[in-house]
Amino acid sequence: MAQPFSISDEVRREALIKAAKVRRERAELRGQLKAGDISLSDLLGRLDDDTVGKMKVLAVIESLPGVGKVKARRAMEGIGISENRRLRGLGSRQRSQLLDAFG
């Protein structure tokens, strides 16, 4: 019987540190959105950045000032965006509709 795949403690620790750093960066970006320091269009312009591209659309919209869970979900449903879609996975039409709704 084959041994199950296992990573060393050092590799695991490095991965956990990297993941924590990315979570902090995403939280900081959501905070900047909430405060109005950056706009949705600024964020959508940075999709080449892995940290931004892998953010969930729902979390981003909920971070906008004056937008809560219900309004965010309704807007996404109206545009046709899946709840677990990430920013990089949006089509150009979906991006423009998001900007029209929240831009």
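Only a predicted model underlies this, so the values are computations on that prediction, with no experimental measurement involved.
The two residues R95 and L47 come nearest to each other via the heavy atoms CD-CD1, 3.9 Å. Considering all non-hydrogen atoms of both residues, M55 and V60 come closest at CE-CG2, 3.8 Å. Of all non-hydrogen atoms in R86 and K54, the two that sit nearest each other are NH1-O, 2.6 Å. The shortest non-hydrogen separation linking Q94 to G89 is OE1-O, 4.3 Å. L43 and V52 make their closest contact through O-CG1, 3.4 Å (heavy atoms, listed as atom of the first residue, atom of the second, distance). In this structure, L40 and L33 approach most closely via the heavy-atom pair N-CD2, 3.9 Å.
L29 contributes atom CG, which lies 5.5 Å from atom CZ of R46 (distance to the nearest 0.5 angstrom). Note: L44 CG to S92 OG = 12.0 Å, rounded to the nearest 0.5 Å. With values rounded to the nearest 0.5 angstrom, Q97 atom CD is found 11.5 Å from F102 atom CZ.
Side chains of E62 and V67 form no contact here, defined as non-hydrogen atoms less than 4.5 Å apart.
Residues L87 and L99 share a single hydrophobic cluster, defined by chaining ILVMFWY side chains whose heavy atoms lie under 4.5 Å apart.
The neighbour count for R74 CZ, taken as heavy atoms of other residues, nucleotides or ligands under 6.0 Å away, does not exceed 12.
Looking only at distances, a side-chain donor or acceptor of D42 sits under 3.5 Å from a matching main-chain atom of S39.
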Worksheet item: Please walk me through it: do E83 and E77 pass side-chain contact (heavy atoms from CB on, under 4.5 Å)?
Response: CA-CA 8 Å; E83 273 195 31; E77 188 177 310; over 6 Å; no

Item to complete: Mind running side-chain contact (heavy atoms from CB on, under 4.5 Å) on I79 and M76 for me, showing each step along the way?
Response: CA-CA 5 Å; I79 296 171; M76 286 179 60; 5.9 Å; no

Fill in: side-chain contact (heavy atoms from CB on, under 4.5 Å) between V57 and L98, worked out
CA-CA 10 Å; V57 176; L98 268 181; 4.0 Å; yes

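None of R26, K34, E28 except one satisfies the side-chain contact (heavy atoms from CB on, under 4.5 Å) rule with R30; the exception is R26.
Using a cut-off of 4.0 Å between Lys/Arg side-chain N and Asp/Glu carboxylate O, D48 and R88 are scored as not salt-bridged. Under a 4.0 Å N-O distance rule, the pair E25/K21 qualifies as a salt bridge.
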